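All values reported here derive from a predicted model rather than from experimental measurement. For ligands, and for the atoms within them, numbers begin at 1 and follow the listed sequence.
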Amino acid sequence: MARADLLLDLVEAERRGDRERFKVLVESVIAEERANQHHLLADRLSQLITTTGQGPVRDDRAAAIRDLVHEVVPNRRLHELELAPVPQRVVTELIEEQKRAELLRSYGIEPRNRLLLSGPPGNGKTSVAEAIAAELMLPFYVIRYEGVMSSFLGETAARLDNAFEFARTRRCVLFFDELDTIAKERADEHETGEIKRVVSTLLLQIDRLPPHVILVGATNHGELLDRAAWRRFQIRTELGAPSRAQATRFLERLAERLGGDLGFAPRTLADKLAGASFAELEEFALDVRRRAVLELPDDNIRRIVQERLEHRRGQAAG
Ligand SMILES: Nc1ncnc2c1ncn2[C@@H]1O[C@H](COP(=O)(O)OP(=O)(O)OP(=O)(O)O)[C@@H](O)[C@H]1O
């Protein structure tokens, strides 16, 4: 938002006594100042809106946040990933909307900021979230469930609140892997009151999330996800196992990157490894190259691949 508009909105919110709107606007100022490396000012403003006149912010707050949110340096780029046309398009659109948020805002429209990725393990959910952070040059924060989940009644919801409060004043990508662990369907009769409270907190926080925080949720079990949580995501897309063509391209790129052949033409190997995830294909190729480098000259590589394929078949059968 342009500075003049922001100031006007701030004064207007204050005049109307709209505390919620006022806080959202100050949070966007904080995020902007942080992005401009004005950390002292950002921290001071953050303290002013998070303390409610009941005393200073506790010194151990930063340490507590570290238990809830883990910062990962985002290295993966979007062009390095092999994505089907639909996920490729929606993720590219989200990035563009965020990059050109000012233009959208000048038309009174906010960029989208809530993306749900579903699909079987090892097909790029974490990688896509990380690539979004890298493309937008934003910090990448991963929720740590071991820190958020507490056995004390009511504590999990409070910790979740804290994690969101932390993220709200930063331009960042906030990543919830295995979202279904905390956003389980509330209608499930086996679920306790506690999980219902946690899901309600999550929904409330998602609703209050400013557009400069990009929320990415990932789940292997979309069907287990609370429907209201599922609906909160403006973009929902599936990252499935690779098709034959995708697996072939991925193996071609891997062979090039690993600087050696993989025993078979990528297309043949893709057929032999049909059904494998991207992560499994990558692990297979790395394993073959590792043995090839350490053990044998390249002309015996096919034997290594055959052994590995038999081992894989044995594991699948067992
Ligand atoms: N679509 C893809 N394109 C390129 N590489 C991929 C892709 N998907 C997965 N990989 C490779 O597999 C590894 C594991 O993938 P990633 O952690 O992103 O999967 P995930 O879907 O988040 O899995 P999980 O559900 O187990 O968390 C990545 O580090 C990456 O090297």
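- In terms of protein heavy-atom proximity, atom 26 (O) of ligand 1 is nearest to P121 CB, 3.5 Å.
- Contacts between K125 and ligand 1, counted as non-hydrogen atom pairs separated by less than 4.0 Å, involve both the backbone and the side chain.
- Considering backbone and side-chain atoms together, N123 places an N or O closer than 3.5 Å to an N or O of ligand 1.
- At a heavy-atom cutoff of 4.0 Å, ligand 1 is contacted by the side chain of R76 but not by its backbone.
- Ranking protein heavy atoms by distance to atom 18 (O) of ligand 1, first place goes to S127 OG, 2.6 Å.
- At a threshold of 4.5 Å between side-chain heavy atoms, the hydrophobic network of Ile, Leu, Val, Met, Phe, Trp and Tyr places L136 and L115 in one connected group.
- Side-chain atoms of K125 never come within 3.5 Å of backbone atoms of G217 as a donor-acceptor pair (strictly under, hydrogens ignored).
- For F264, the ring-ring contact (aromatic ring centres under 6.0 Å, His included) criterion is met by no residue, not counting sequence neighbours.
- Scanning the protein heavy atoms around atom 14 (C) of ligand 1, the nearest turns out to be A279 CB, 3.8 Å.
- Here is the list of ligand 1 atoms found below 4.0 Å of a heavy atom in N220: 25 (O).
- Both L94 and L239 are members of a single hydrophobic cluster when ILVMFWY side chains are connected at heavy-atom separations under 4.5 Å.
- By the criterion of side-chain heavy atoms lying less than 4.5 angstrom apart, applied directly or through intervening Ile, Leu, Val, Met, Phe, Trp or Tyr residues, L258 is not grouped with L81; the two fall into different hydrophobic clusters.
- For atom 10 (N) of ligand 1, the closest non-hydrogen atom on the protein side is F278 CB, 3.6 Å.
- Ranked by closest heavy atom to atom 9 (C) of ligand 1, the top entry among S118, P120, G122, A131 is G122.
- For atom 5 (N) of ligand 1, the closest heavy atom belonging to the protein is F250 CE1, 3.4 Å.
- Counting only distance, with no hydrogens or angles, the side chain of R159 and the backbone of G147 share a donor-acceptor pair below 3.5 Å.
- More than 12 heavy-atom neighbours from other residues, nucleotides or ligands sit within 6.0 angstrom of CD on E146.
- Here the shortest heavy-atom distance to atom 22 (O) of ligand 1, taken over T126, L117, L286, D177, belongs to T126.
- E71 contributes no side-chain N or O that, together with a main-chain N or O of R66, makes up a donor-acceptor pair within less than 3.5 Å.
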Show which side-chain atoms of residues 73-80 pair as donor or acceptor with protein atoms under 3.5 Å away, not counting sequence neighbours.
{"residue": "R77", "atom": "NE", "partner": "E135", "partner atom": "OE2", "Å": "3.0"}
{"residue": "R77", "atom": "NH2", "partner": "E135", "partner atom": "OE1", "Å": "2.9"}
{"residue": "E80", "atom": "OE1", "partner": "R77", "partner atom": "N", "Å": "3.2"}

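- Polar contact with ligand 1: present for G124 (N/O pair, distance under 3.5 Å).
- Listed by atom number, the atoms of ligand 1 under 4.0 Å from E82 heavy atoms are 1 (N), 2 (C), 3 (N), 4 (C).
- The closest protein non-hydrogen atom to atom 11 (C) of ligand 1 is E282 OE1, 3.8 Å.
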